[in-house]
Amino acid sequence: MSGDARRAQLAANLERVRERVAAACAAAGRAVEEVRVIAVTKHFPASDVRILAELGLRDVGENRDQEAAPKAAECRDLDLTWHFVGQLQTNKARSVVRYADVVHSVDRARLVTELGRRVRAAGRTLTCLVQVNLDPDSEKGVIGPRGGADPADVPALAEAVEAEEGLTLGGVMAVAPREGDPRAAFDQLKAVADDLRARYPHATTISAGMSGDLEAAVERGTTHLRIGAALLGDRRLIVG
Ligand SMILES: *Cc1c(COP(=O)(O)O)cnc(C)c1O
């Protein structure tokens, strides 16, 4: 596909997403300015990030360091906000803090310590969201396939983030379970977020909602949508 054709496609996708967000905000009695769209560009090239930036999207999400690090380097001149949204191995913290502005997937104390140590060494700062596991089927104390801390462990993790120089607590993140009504999960996340904000008033971010459930997330109070397929297209169609 030519660059022009790809640009037209991304522009149309973005317009459709913006319409969906606007409709969901109107239905929920919320202002569109309350909800930010993060373009999750995993599996798609840096050229797409560049087009989306030109179309006005300033927030980019990635879920694997091996892919994100070179892409962020290629797009350094764009001055975008980079969100790391995937499960993060402790040994990747050193790389991630070099380009990420926000890590959405903080779900264990050891990761907090390592991010703090590495971000200070890099001379940078980082906003951390505590990822909450909302899957009722996962066993307590076991991090499920989609990651996230048990809701009961969120306050201690938040405190650990705030205690770490160079890290700031931004709020919470979750992925809705595959089964069931996502609104129930997003309500649970909102309750966790409200508790956290009572103690840390600056922790206002609720990262929830993807291509398939953005309306439910907007209805239930999200502040940051992580949108992949609806903006970029079907990842399964990409070869390589
Ligand atoms: C891929 C991904 C998304 C985007 O999902 P879509 O369904 O393509 O919108 C959101 N959040 C996380 C954590 C992801 O890994």
Side-chain angles (χ1 to χ4, degrees), residues 9-10 12-21 23-24 35-46 48-49 51-52 55 57-69 71-72 80-89 92 96 99-108 111 115 127-135 138 143-149 170-183 185-186 189 192-193 205-238:
Q9 190 176 66
L10 291 178
N13 290 350
L14 178 57
E15 184 165 318
R16 177 79 192 106
V17 167
R18 291 223 187 281
E19 282 168 7
R20 285 176 65 191
V21 173
V35 180
R36 264 188 107 73
V37 172
I38 300 167
V40 180
T41 50
K42 65 187 184 205
H43 301 206
F44 290 92
D48 281 353
V49 176
I51 293 171
L52 287 169
L55 293 170
L57 255 171
R58 310 301 304 173
D59 291 89
V60 181
E62 287 284 334
N63 75 334
R64 280 176 64 245
D65 176 61
Q66 297 91 308
E67 181 182 344
K71 212 183 283 184
L80 301 171
T81 299
W82 288 82
H83 301 257
F84 192 88
V85 304
Q87 278 189 63
L88 181 51
Q89 291 170 271
K92 295 289 193 286
V96 167
Y99 58 86
D101 301 290
V102 187
V103 169
H104 289 229
S105 45
V106 173
D107 60 5
R108 59 202 190 277
L111 181 58
L115 285 170
T127 298
C128 293
L129 307 184
V130 177
Q131 184 178 348
V132 186
N133 177 14
L134 300 175
D135 192 342
S138 70
I143 291 176
R146 317 192 94 179
V172 294
M173 177 274 217
V175 180
R178 263 179 237 282
E179 306 292 324
D181 186 344
R183 282 172 294 198
F186 294 144
L189 182 67
V192 173
T205 296
I206 301 177
S207 167
M210 320 200 308
S211 295
D213 58 15
L214 76 84
E215 284 83 3
V218 168
E219 183 184 319
R220 298 312 216 232
T222 188
T223 65
H224 288 68
L225 296 164
R226 305 180 309 271
I227 308 295
L231 279 174
L232 281 305
D234 191 337
R235 289 182 290 274
R236 291 168 305 183
L237 301 180
I238 302 187

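Every heavy atom of this structure was used, including side-chain atoms; hydrogens, water molecules and symmetry mates were not. Note that ligands are numbered from 1 as they come in the structure, with each ligand's atoms numbered from 1 the same way.
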Gln87 vs Ser105 side-chain heavy atoms within contact, under 4.5 Å:
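Not touching, per the 4.5 Å side-chain cut-off.
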Are any non-hydrogen side-chain atoms of Arg58 and Thr81 less than 4.5 angstrom apart?
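They are not in contact (no side-chain heavy atoms under 4.5 Å apart), so the answer is no.
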Do any nitrogen or oxygen atoms of ligand 1 lie under 3.5 Å from a protein nitrogen or oxygen, and which ones?
unit_1: ligand 1; atom_1: 8 (O); unit_2: Ala229; atom_2: N; d: 2.8
unit_1: ligand 1; atom_1: 8 (O); unit_2: Arg235; atom_2: NH1; d: 2.8
unit_1: ligand 1; atom_1: 8 (O); unit_2: Arg235; atom_2: NH2; d: 3.2
unit_1: ligand 1; atom_1: 9 (O); unit_2: Ser211; atom_2: N; d: 2.9
unit_1: ligand 1; atom_1: 9 (O); unit_2: Ser211; atom_2: OG; d: 2.5
unit_1: ligand 1; atom_1: 9 (O); unit_2: Gly228; atom_2: N; d: 2.8
unit_1: ligand 1; atom_1: 11 (N); unit_2: Arg226; atom_2: NE; d: 2.9
unit_1: ligand 1; atom_1: 15 (O); unit_2: Lys42; atom_2: NZ; d: 2.7

Could you tell me whether the side chain of Lys92 and the main chain of Arg64 form a donor-acceptor pair under 3.5 Å?
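No, Lys92 side chain to Arg64 backbone: no donor-acceptor pair under 3.5 Å.
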Fit a plane to each ring of His224 and His83, take the angle between them on a 0 to 90° scale, and name the class: parallel (under 30°), tilted (30 to 60°) or perpendicular (over 60°).
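Rings of His224 and His83: tilted, as their planes differ by 30° to 60°.
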Step through the shown structure and confirm whether more than 12 heavy atoms of other residues, nucleotides or ligands are within 6.0 Å of CD on Gln66.
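Yes, enclosed.
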Apply salt bridge (Lys or Arg N to Asp or Glu O under 4.0 Å) to Arg16 and list each qualifying residue two or more places apart in sequence or on a separate chain.
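Counting only residues at least two positions away or on another chain, Arg16 forms a salt bridge (Lys or Arg N to Asp or Glu O under 4.0 Å) with Glu19.
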